Amino acid sequence: MLLSAQQLKEFEEYGFVKGDVILNDEEVEILREQLDLVMEGKSVKKPVLNRDMNDNSEFAMKMAKKDTVVQIVNMWMASEAYLNHAANETLCEEVAQLCKTEVLRIWHDQVQYKPPVIGGPGDWHQDHPAWPIIQPADLVSAWVALDDATIENGCMWMVPGSHKWGDHQQYLQNTADYKPHHTKPELLPEGVNIKPVPFEIKKGQVGYHHCLTWHGSGPNISQRKRRAIAVHYMPGHVRYEPTGSHPMEPFVSVQPGEILVGDDFPVVYRKKPAVQL
């Protein structure tokens, strides 16, 4: 189940692409149940919830609630089912295609949950500007819906081609109708269009996006939940470049300029050697 040449071209051009439904109903239900256990504090491995990522305690997990959007970081550390999901063969093979790499590691994962009716919007942003300690900006995220993600319940929106424009995070804002606004458009490449398109994803389906692609989401005004698990994958050549102030730096064990490896960034994919006939 590899991505087609057309899908690879689409990702190259737009910075995002939809894959297939890769989880069946039973697999989705397992992840939903594990999420409920973690949110209720009943998981076997007890995560630390509602914790500020900027504190100095051991990095394991975070659950933040903002505008009634629950975000939980590094589910793979609390749930074997989520670690297995991050190592899903289809996901990893396809991300490796998109990254043009033979090795993938987890940077981190995150669950995003928008409850029915009161689920808030997601601010317009790019992922990599929040991750300055890992270079270059070649990461790809695999976003798998645990419920159908539609415009009505707050699916993501993407700006096609925005992954080619560099870091514009400091200029990105939200309009009143949850669309992107750039405060200094003269800094954008000439002639670009920042009009977003909806990125609706079916339950169990995966959507891939580049770490510089602009994305955001509207509120959940439906009666349905909107749950999803995103895994942010590092290709094998990503290196550590310290800034002196990033909250993940205390958990890095390699030297500046070295490939970012370690127990907190497990390898989930290695390309299999070609079979010799």
Side-chain angles (χ1 to χ4, degrees), residues 1 19-51 53 57-65 69-96 99 101-114 127 131 134 139-147 149 201-208 225-236 238 247-248 250-253 260-272:
M1 288 180 63
D20 291 329
V21 172
I22 57 129
L23 299 181
N24 61 36
D25 289 349
E26 182 181 353
E27 291 167 326
V28 168
E29 195 56 41
I30 289 171
L31 294 181
R32 287 174 170 179
E33 290 171 357
Q34 289 289 305
L35 172 58
D36 288 342
L37 289 175
V38 169
M39 290 180 66
E40 294 166 6
K42 298 177 181 177
S43 55
V44 175
K45 297 179 182 178
K46 297 295 184 184
V48 179
L49 300 180
N50 295 319
R51 184 165 58 77
M53 277 277 284
S57 55
E58 181 183 359
F59 175 71
M61 191 133 168
K62 179 182 83 165
M63 185 170 83
K65 190 172 184 182
V69 177
V70 174
Q71 180 186 50
I72 306 177
V73 173
N74 273 358
M75 282 289 290
W76 71 266
M77 290 182 174
S79 165
E80 188 172 350
Y82 278 87
L83 177 57
N84 291 338
H85 172 76
N88 179 286
E89 187 173 359
T90 299
L91 286 187
C92 292
E93 288 272 4
E94 294 184 347
V95 172
C99 290
T101 187
E102 296 188 354
V103 177
L104 287 177
R105 295 181 179 86
I106 299 175
W107 169 229
H108 66 272
D109 69 23
Q110 57 178 304
V111 163
Q112 298 136 355
Y113 166 48
K114 295 187 180 190
D127 291 332
W131 309 333
I134 50 175
L139 289 82
V140 170
S141 298
W143 197 95
V144 176
L146 302 182
D147 306 282
I201 301 287
K202 297 176 183 177
K203 183 183 77 169
Q205 185 182 14
V206 60
Y208 300 108
K225 296 178 180 180
R226 201 224 71 176
R227 292 165 289 187
I229 172 66
V231 183
H232 309 301
Y233 291 99
M234 295 187 290
V238 167
M248 282 298 290
F251 314 101
V252 174
S253 58
L260 184 54
V261 298
D263 292 343
D264 288 331
F265 314 103
V267 172
V268 287
Y269 171 81
R270 289 188 190 276
K271 186 175 182 179
K272 297 173 183 174

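Count residues from 1 along the sequence. The model shown is predicted, which means the values in this text are computed figures rather than measured ones.
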Quick check against the 3.5 Å criterion: does [X] have a side-chain atom that pairs as donor or acceptor with the backbone of [Y]?
{"X": "Y82", "Y": "L31", "answer": "yes"}
{"X": "R227", "Y": "R32", "answer": "no"}
{"X": "E93", "Y": "T90", "answer": "no"}
{"X": "N74", "Y": "D109", "answer": "yes"}
{"X": "S141", "Y": "A230", "answer": "no"}

- Message: Testing V69, I72, D147, V70 one by one against Y113 for a side-chain contact (heavy atoms from CB on, under 4.5 Å), which residue passes?
- Response: V70

Search all heavy atoms of [X] against all heavy atoms of [Y] and return the closest pair with its distance.
{"X": "S253", "Y": "G262", "result": "OG-CA, 4.5 Å"}
{"X": "P235", "Y": "L104", "result": "CA-CD2, 4.1 Å"}
{"X": "V111", "Y": "M75", "result": "CG2-CG, 3.5 Å"}
{"X": "I30", "Y": "A81", "result": "CG2-CB, 4.0 Å"}

How many angstroms lie between atom [atom1] of [X] and atom [atom2] of [Y], to the nearest 0.5 angstrom?
{"X": "T101", "Y": "M234", "atom1": "OG1", "atom2": "CE", "answer": "10.5 Å"}
{"X": "E29", "Y": "N24", "atom1": "CD", "atom2": "CG", "answer": "11.0 Å"}
{"X": "L91", "Y": "Y269", "atom1": "CG", "atom2": "OH", "answer": "12.5 Å"}
{"X": "K114", "Y": "R226", "atom1": "NZ", "atom2": "CZ", "answer": "4.5 Å"}
{"X": "K225", "Y": "L146", "atom1": "NZ", "atom2": "CG", "answer": "11.0 Å"}
{"X": "N84", "Y": "S79", "atom1": "CG", "atom2": "OG", "answer": "8.0 Å"}

- Item | Derivation of the side-chain contact (heavy atoms from CB on, under 4.5 Å) call for L23 and N88 | CA-CA 10 Å; L23 299 181; N88 179 286; 4.1 Å; yes

- Item | Between Y208 and E94: side-chain donor-acceptor atoms closer than 3.5 Å | yes

- Task: Run through Q205, Q112, Q110 and flag the one making a side chain to side chain donor-acceptor pair (under 3.5 Å) with W143.
- Result: Q112

- Can you check side-chain contact (heavy atoms from CB on, under 4.5 Å) on R105 and L260, steps first, answer last? CA-CA 9 Å; R105 295 181 179 86; L260 184 54; over 6 Å; no

- Task: Verify side-chain contact (heavy atoms from CB on, under 4.5 Å) between D264 and H108, making sure each step is shown before the conclusion.
- Result: CA-CA 9 Å; D264 288 331; H108 66 272; over 6 Å; no

- Message: For the NZ atom on K202, are there more than 12 heavy atoms of other groups (residues, nucleotides or ligands in this structure) within a distance under 6.0 Å?
- Response: no

- Item | Validation row: D127, L139 side chains within 4.5 angstrom (heavy atoms) | no

- Message: Please evaluate residues Y233 and V268 with respect to the criterion side-chain contact (heavy atoms from CB on, under 4.5 Å), reporting the C-alpha separation (whole Å), side-chain torsions for both, the decisive distance (0.1 Å), and the verdict.
- Response: CA-CA 9 Å; Y233 291 99; V268 287; 3.7 Å; yes

- In a check of ring-ring contact (aromatic ring centres under 6.0 Å, His included) between H232 and each of W76, W131, F265, W107, which one passes? W131

